[in-house]
Chemist: 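Mind having a look at this structure? Questions to follow.
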2 protein chains.
Amino acid sequence: MNKPSNTVTYSKCNLRGFCIPAGLNDKDYARIDELITVRQRVQRGHYLFRNGDKFSSLYAIRSGFFKTCVATKDGREQVSGFQMAGEITGLDGIVKSEHSCDAIALEDAEVCVIKYESVLKVAQEMDVFQHHMYKILSREIVRSASVMLHLGSLRAEERVATFLLDLTQRLQARGFSESEIVLRMTREEIGSYLGLKLETVSRTFSKFARDGTLAVKQRHIRIHKPEELMRIANHQFCH
Amino acid sequence: MNKPSNTVTYSKCNLRGFCIPAGLNDKDYARIDELITVRQRVQRGHYLFRNGDKFSSLYAIRSGFFKTCVATKDGREQVSGFQMAGEITGLDGIVKSEHSCDAIALEDAEVCVIKYESVLKVAQEMDVFQHHMYKILSREIVRSASVMLHLGSLRAEERVATFLLDLTQRLQARGFSESEIVLRMTREEIGSYLGLKLETVSRTFSKFARDGTLAVKQRHIRIHKPEELMRIANHQFCH
DNA sequence: CGAATTGTTGATATATCTCAACAATAGTGG
DNA sequence: CCACTATTGTTGAGATATATCAACAATTCG
């Protein structure tokens with residue numbers, strides 16, 4: 001008998017190895033299927049969750065692109081991350097049982113809803129899965145530290161170069177081209193993430209284009225000299 | 001029979017409620033004692049772990065004060081956090097089985113070494129503890145997002161004010177005065193954490209002192225008008 | 001097609017950095 | 001305990017990277 005179409009079987013997910021561990025045996029995959037949940041569509045511009053929402057689930061992104069934002073009381077907003085297919089979002093909600101940021105779809109998206117209760121249960125039964133969950137959380141902590149380094153110590157060109165390299169690496173791991181990116185976010189969102197104003201992001205793209213490092217056409221970026229981007233990202237300026 | 005003096009019994013730790021959940025029953029505390037490990041002293045200025053070190057343990061801080069730093073290849077350094085008694089450090093190491101930052105004692109310190117393997121084991125047996133661990137990781141993720149907001153969107157005075165408020169809150173939760181702080185770190189370390197130069201930190205302290213918001217004498221800070229600090233931290237400038 | 005959004009570029013402003021001198025404190029060794 | 005040195009902190013003057021303001025171009029959307 002077929003499952004209803006709004007449920008999802010993890011063990012058959014083509015993103016195996018991203019959200020969930022790869023290389024398990026059938027029995028373990030069967031257990032992971034206990035995490036089984038509904039899928040949920042999120043339209044572009046819509047919220048997956050908001051700051052203050054009650055936390056009950058994590059979200060594994062099947063398709064689409066999200067941003068997470070934190071805001072100050074006076075309305076200034078900071079993009080704290082971008083999430084793509086195969087990544088997990090919602091981890092911020094665990095500590096206080098409510099979300100502490102907004103997650104917004106930058107394009108039409110689909111997520112797997114994973115009840116946190118099920119996570120606790122499966123992790124308790126399955127060593128590998130528990131370790132995997134800790135790894136996912138730890139990865140986010142390491143990523144954050146790296147973003148702090150950018151925001152606190154790097155210059156505009158270094159930030160933009162690192163941002164592009166990070167994106168290409170993540171896209172490449174998912175089978176996309178390493179030289180051609182279609183940005184899902186505006187200059188303003190990139191700027192917010194990098195602690196720069198949108199004009200500075202735009203100017204930096206233009207400078208890289210002038211130097212022949214890449215070609216920019218709106219949100220389409222073609223990287224001609226990845227080694228040059230790496231040089232800039234690694235701060236080997238000569239001045 | 002007494003345990004050797006370099007071992008520690010969690011259930012009797014006076015920091016109960018910080019590193020580990022409060023309000024458990026005796027049986028659960030007994031299990032948590034399975035996390036039992038050696039204590040380790042770390043002298044001021046010494047490393048608890050370094051970027052690249054093999055990861056095997058988490059560290060619960062019993063006394064003392066630490067900073068964690070990430071560095072760029074060309075030697076620039078960014079302080080990614082300050083940790084005090086009752087907090088856990090080393091979480092960055094889980095994802096790659098090696099540490100990705102340096103942890104350095106800012107004063108003579110003592111930590112409880114908690115084998116990660118034991119964490120996995122106890123978490124598997126004890127629902128509450130597993131949830132507690134996820135909360136600790138989640139808290140760090142939320143804290144990071146808040147730091148990103150500071151680094152990316154806030155002005156120098158806002159950053160310093162928020163930094164001082166955060167410190168006082170954490171110290172207050174541990175029974176210290178809410179109006180008197182002894183900083184464990186240099187202006188340079190504060191600046192690095194906040195994405196400012198040490199001179200800017202110093203000038204901001206001086207400005208707060210001129211305004212009567214606080215008194216500064218080297219690393220001794222006495223906060224006279226916490227409400228003023230909160231006003232500044234919440235960005236209610238009038239300009 | 002027209003309006004709204006997004007992106008580019010220039011001119012100018014400014015918050016913070018840099019450089020520098022000096023003061024205060026802490027650490028060291030005789 | 002007292003110099004003596006290194007480290008840390010303060011303050012000023014000037015430099016600069018990035019922000020701000022503004023005009024316009026390109027694109028998207030209804």
Side-chain angles (χ1 to χ4, degrees), chain A residues 43-46 67 76-79 104 106-108 150-161 163-164 181-211 214-221 232 235 237 239, chain B residues 43-46 67 76-79 104 106-108 150-161 163-164 181-211 214-221 232 235 237 239:
Chain A
Q43 280 191 313
R44 179 179 166 190
H46 286 224
K67 67 170 177 182
R76 276 175 292 177
E77 193 178 86
Q78 168 82 17
V79 172
I104 300 164
L106 296 179
E107 56 184 352
D108 289 353
H150 293 175
L151 294 174
S153 308
L154 272 47
R155 313 163 73 259
E157 288 182 32
E158 298 169 313
R159 297 185 201 192
V160 174
F163 169 73
L164 288 174
I181 319 177
V182 179
L183 299 174
R184 253 68 218 207
M185 66 294 276
T186 65
R187 302 287 191 267
E188 184 165 24
E189 286 160 341
I190 297 172
S192 173
Y193 180 62
L194 298 176
L196 301 169
K197 291 294 158 183
L198 67 95
E199 294 95 330
T200 305
V201 175
S202 180
R203 277 187 242 272
T204 308
F205 279 153
S206 300
K207 177 172 185 309
F208 287 165
R210 263 199 310 282
D211 297 348
L214 44 74
V216 192
K217 196 180 176 191
Q218 295 291 119
R219 298 196 180 177
H220 293 257
I221 309 263
I232 295 170
H235 340 295
F237 286 108
H239 60 112
Chain B
Q43 279 192 314
R44 178 179 166 191
H46 286 224
K67 67 170 177 181
R76 275 175 292 177
E77 194 179 85
Q78 167 83 17
V79 173
I104 300 164
L106 296 179
E107 56 182 354
D108 289 353
H150 292 176
L151 293 174
S153 308
L154 304 193
R155 312 163 76 262
E157 288 183 32
E158 297 170 313
R159 297 185 201 193
V160 175
F163 169 73
L164 288 175
I181 320 177
V182 179
L183 300 174
R184 253 67 219 209
M185 65 294 277
T186 67
R187 303 287 191 266
E188 185 165 24
E189 286 160 341
I190 298 172
S192 173
Y193 181 61
L194 298 176
L196 301 169
K197 291 293 157 185
L198 67 96
E199 294 95 330
T200 306
V201 175
S202 180
R203 278 186 241 272
T204 307
F205 278 153
S206 300
K207 177 173 186 307
F208 287 165
R210 264 199 310 282
D211 297 348
L214 45 74
V216 192
K217 196 179 177 195
Q218 295 290 119
R219 299 195 180 179
H220 294 255
I221 308 265
I232 295 170
H235 339 294
F237 286 108
H239 60 109

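Numbered from 1 within each chain, the chains take letters A, B, ... in sequence-line order.
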Chemist: Send over the distance from B/L198 CG to D/dT11 C1', rounded to a whole Å.
Modeler: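 That distance rounds to 12 Å.
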Chemist: Decide, yes or no, whether a salt bridge links B/E157 with B/R203 under the criterion of side-chain N to carboxylate O below 4.0 Å.
Modeler: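 Salt bridge flag = no for B/R203 with B/E157.
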Chemist: With heavy atoms under 4.0 Å as the rule, sort A/G191 into base, sugar-phosphate or nothing.
Modeler: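 Nothing, no heavy atom under 4.0 Å.
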Chemist: Taking the side chain of A/R219 as its heavy atoms from C-beta onward, which of C/dT8, C/dG7, D/dA19 lies nearest to it?
Modeler: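 Taking heavy atoms from C-beta onward, the closest nucleotide is C/dG7.
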Chemist: Regarding D/dG9, can its base be found pairing with the side chain of B/R203 as donor and acceptor, where the two atoms are less than 3.5 Å apart?
Modeler: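 Answer no: no donor N or O sits under 3.5 Å from an acceptor.
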Chemist: For A/R44, which contact category applies under a 4.0 Å heavy-atom criterion: base, sugar-phosphate, or nothing?
Modeler: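 Result for A/R44 = sugar-phosphate.
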Chemist: Can you tell me how far CG of B/L214 sits from NZ of B/K207, rounded to the nearest 0.5 angstrom?
Modeler: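 Reported to 0.5 Å precision, the distance equals 10.5 Å.
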Chemist: OP1 or OP2 of D/dT7 versus the side-chain N and O atoms of B/T186: is any pair under 4.0 Å?
Modeler: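 Looking at the OP1 and OP2 atoms of D/dT7, neither is under 4.0 Å from any side-chain N or O of B/T186.
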Chemist: Could you give the distance from CG (B/L151) to CZ (B/R159), rounded to the nearest 0.5 Å?
Modeler: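 B/L151 atom CG to B/R159 atom CZ measures 5.5 Å (nearest 0.5 Å).
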Chemist: Nearest whole Å is fine: how far is C/dG7 C1' from A/H220 NE2?
Modeler: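 Rounding to the nearest Å, NE2 of A/H220 and C1' of C/dG7 are 14 Å apart.
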Chemist: At under 4.0 Å between heavy atoms, what does A/R184 touch on the DNA or RNA strands: base, sugar-phosphate, or nothing?
Modeler: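 The answer is nothing, as A/R184 stays clear of every strand by at least 4.0 Å.
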Chemist: Given atom CZ of B/F208 and atom C1' of D/dT10, what is their separation to the nearest angstrom?
Modeler: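 The distance from CZ of B/F208 to C1' of D/dT10 comes to 16 Å, rounded to the nearest Å.
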Chemist: Applying the side-chain hydrogen bond (donor to acceptor under 3.5 Å, both in side chains) criterion to A/E107, which one of A/R184, A/Q43, A/R44 satisfies it?
Modeler: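 Checked A/R184, A/Q43, A/R44 against A/E107; only one passes side-chain hydrogen bond (donor to acceptor under 3.5 Å, both in side chains): A/R184.
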Chemist: Could you check whether atom CD of B/E77 has more than 12 heavy atoms from other residues, nucleotides or ligands sitting under 6.0 Å from it?
Modeler: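 Correct, the count exceeds 12.
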Chemist: Rounded to the Å, how far apart are A/E189 CD and C/dT5 P?
Modeler: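 That distance rounds to 14 Å.
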Chemist: Nearest whole Å is fine: how far is D/dT18 C1' from A/E158 CD?
Modeler: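 So the two atoms are 14 Å apart, to the nearest Å.
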Chemist: Closest nucleotide of DNA chain D for A/R159 versus for A/E199: which of these residues is on the 5' side?
Modeler: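 Its nearest nucleotide being more 5', the pick is A/R159.
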Chemist: Between atom CD in A/E157 and atom P in D/dT16, what is the gap in whole Å?
Modeler: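 Taking CD of A/E157 and P of D/dT16, I get 16 Å after rounding.
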Chemist: Judged by each residue's nearest nucleotide on DNA chain C, which is more toward the 5′ side, B/K197 or A/K217?
Modeler: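 Nearest nucleotide further toward 5': that of A/K217.
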Chemist: Identify whether any heavy atom of B/L196 sits under 4.0 Å from a base atom; if not, whether one sits that close to sugar-phosphate; answer base, sugar-phosphate or nothing.
Modeler: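 Answer is sugar-phosphate: B/L196 comes under 4.0 Å of backbone atoms only.
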Chemist: So, is B/T200 near the phosphate of C/dA15, with a side-chain N or O under 4.0 Å from OP1 or OP2?
Modeler: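 No, because none of the side-chain N or O atoms of B/T200 sits under 4.0 Å from OP1 or OP2 of C/dA15.
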Chemist: Looking only at the side chain of B/S202 (C-beta and beyond, no hydrogens), which of the listed nucleotides D/dT18, C/dG7, D/dG9 gets closest?
Modeler: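 Nearest to the side chain of B/S202 among the choices is D/dG9.
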Chemist: Round to the nearest Å and state the distance from A/K207 atom NZ to C/dT9 atom P.
Modeler: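 Answer to the nearest Å: 14 Å.
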Chemist: Pick base, sugar-phosphate or nothing for A/Q218, based on heavy-atom distances below 4.0 Å to the nucleic acid.
Modeler: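 The answer is sugar-phosphate, as A/Q218 gets under 4.0 Å only of primed atoms, P, OP1 or OP2.
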Chemist: Tell me: CZ of A/R187 to P of D/dA26, nearest whole Å?
Modeler: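 From A/R187 CZ to D/dA26 P: 15 Å.
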